[in-house]
Amino acid sequence: MPELPEVETVRAGLVRHVLHRPLAAADVLHPRAVRHQAGGASELHADLQGRAFRAAVRRGKFLWLELEEADRDAPVSPDHALLVHLGMSGQLLIQPPASPGTPHASTALPAAEQLARPVTSTTAHVRVRLRFVDGGQLWFVDQRTFGYVRSVPLVATDDHAPGGQGSELPLVPLPAAHIARDLLDPAIDVPAVIQSLRARRTEIKRAILDQALVSGIGNIYADEALWRAELHGTERTDLVPAGQLAALLEHARAVMSEALAAGGTSFDAMYVDVDGAGGYFERSLDAYGRAGQPCRRCGTAIRREQFMNRGSFSCPACQPPPHC
DNA sequence: CATATCCCCTGCGGGC
DNA sequence: TGCCCGCAGGGGATAT
């Protein structure tokens, strides 16, 4: 999936394009996209119709668009948002008002790419179409349908910054209330994360992929952080010294920050921002996807192992597995 | 409770 | 050419 840097790239694009524009309709083109919405497509439409977004917010890989109040004079009601999870293959694509947004005329892509692109790839997988009153659209596109959109109430979380100064509790979507802060969140309490990591009795890669412990890290950046920290993913969390855990988290933060600056990691047209453009971080990866290629630190061939039913890439020399 | 496994999907590339 | 297999950036829902 888009991991934290890719989702943040999408969020920044939403801020530039979709705030304060009233919605005319939400069209659900594939039922799986709204499978977590109790009332289904009709409820999503009813919750969005006539409303506008006031902010685009992200925590880890969870993204949501806060809704402006429908009626300023209405009695106080809980804040609501449109929650979006991109899953493995989700995209949000802007369709400017100038274009009718028909499936055959995507202006989200550069002209040259439009001509080269088969009709099938992106446009065939539009799952939800948000139509703005001004004629523009926001498409939720998702080939593998692991992603979803859903209107949700926002709730105040009880976690807060260390020191807790000026601390209003942040609003998060109710279904994502269990998601921990991520490493690019200025209010994250890193020492507390290290403590909960050490309290775990599991392998280190499992732990840093657990979104309830620290969010935003996925398979790519987990492997990159482990490579930089010279740790093997099957190392037990409770046996890794706290200093090494701190270094690992700092590497994860740094690699995601660098990837964000490069526009994210795009292996293909699946991982793109709201304008359809991909990022350039793939060329900077040191471990992920580099099986058989020389480690950039010591020259040993990077190995690929099966772990948690997916690939894990590491250097056999720099990251020896713990002996049991 | 914490932790581990299993699935949900579609499409693509490689081997036969 | 075509079929079958493995593989893909995630996490929710169940098992233990």
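In what follows, chains carry the letters A, B, and so on, assigned in the order in which the sequence lines appear, proteins first and then strands, with residues in each chain numbered from 1.
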Closest to side chain of His36(A), choosing from dG10(C), dA13(C), dA8(C): dA13(C)

NA contact type, Tyr288(A), heavy-atom cut-off 4.0 Å: base, sugar-phosphate, or nothing? sugar-phosphate

The side chain of Asn219(A) is closest to which nucleotide in this list: dA13(C), dT3(B), dG10(C)? dG10(C)

Side-chain contact test, heavy atoms from C-beta onward, threshold under 4.5 Å: evaluate it for Ser151(A) versus His80(A) and give yes or no. no

Is the shortest heavy-atom distance from the side chain of Leu4(A) to the side chain of Ile217(A) under 4.5 Å? no

Could Arg296(A) and Trp227(A) be counted as a cation-pi pair, given that NZ or CZ must be under 6.0 Å from the ring centre and within 45° of the axis? no

Heavy atom of residues 143-154 of chain A under 4.0 Å from DNA chain C: which residues? Arg144(A), Phe146(A), Tyr148(A)

Regarding Arg200(A), tell me which of base, sugar-phosphate or nothing describes its non-hydrogen contacts under 4.0 Å with the strands shown. sugar-phosphate

Euclidean distance, atom CZ of residue Arg32(A) to atom C1' of dG11(C) [Å, nearest integer]: 12 Å

Please give, in whole Å, the distance from dA2(B) C1' to Asp238(A) CG? 13 Å

Any side-chain donor-acceptor pair under 3.5 Å between Thr237(A) and Arg200(A)? no

Using the P atom in both, what is the distance from dC9(B) to dT14(C), to the nearest Å? 14 Å

Determine the contact category for Arg127(A): base if any of its heavy atoms lies under 4.0 Å from a base atom, sugar-phosphate if only primed atoms, P, OP1 or OP2 are that close, otherwise nothing. nothing

Answer yes or no: is there a side-chain heavy-atom contact under 4.5 Å between Arg150(A) and Pro173(A)? no

Between Gln306(A) (CD) and dC6(B) (P), how many Å, whole number? 12 Å

Would Arg127(A) count as a cation-pi partner of Tyr148(A), with NZ or CZ less than 6.0 Å from the six-membered ring centre and within 45° of the ring normal? no

Between the side chains of Tyr221(A) and Thr265(A), is a donor N or O closer than 3.5 angstrom to an acceptor N or O? yes

In whole angstrom, what separates Asn309(A)'s CG from dA4(B)'s C1'? 11 Å

Any side-chain N or O of Thr202(A) less than 4.0 Å from the OP1 or OP2 oxygen of dA2(B)? no

Mind checking if Asp210(A) touches a base, just sugar-phosphate, or nothing, with heavy atoms under 4.0 Å? nothing

When rounded to whole Å, the CG to C1' distance for the pair Asp268(A) and dG11(B) reads 10 Å

Quick check on side-chain hydrogen bond (donor to acceptor under 3.5 Å, both in side chains): which of Arg303(A), Gln319(A), Arg290(A) does Ser314(A) satisfy it with? Arg303(A)

Check every strand shown and say whether His178(A) touches a base, only sugar-phosphate, or nothing at a heavy-atom separation below 4.0 Å. sugar-phosphate

Quick one: does Glu235(A)'s side chain have a donor or acceptor within less than 3.5 Å of a partner on Val240(A)'s backbone? no

Can a side chain N or O of His125(A) be found less than 4.0 Å away from OP1 or OP2 on dT10(B)? no

Taking all heavy atoms of Pro2(A) and all of Gly90(A), pick out the closest pair and write down the distance. CG-O, 4.1 Å

Please report, rounded to the nearest Å, how far the P atom of dA4(B) is from the CD1 atom of Ile204(A). 13 Å

Rounded to whole Å, CE of Met270(A) lies from P of dC9(B) at a distance of 17 Å

To the nearest angstrom, the CE-P distance between Met308(A) and dA4(B) comes to 9 Å

dC6(B) phosphate, OP1 or OP2, under 4.0 Å from Arg310(A) side-chain N/O: no

Can you tell me which stems involve DNA chain B, if a stem is defined as three or more consecutive Watson-Crick or G-U wobble pairs, both distances under 3.5 Å? B:2-8 with C:10-16, B:10-16 with C:2-8

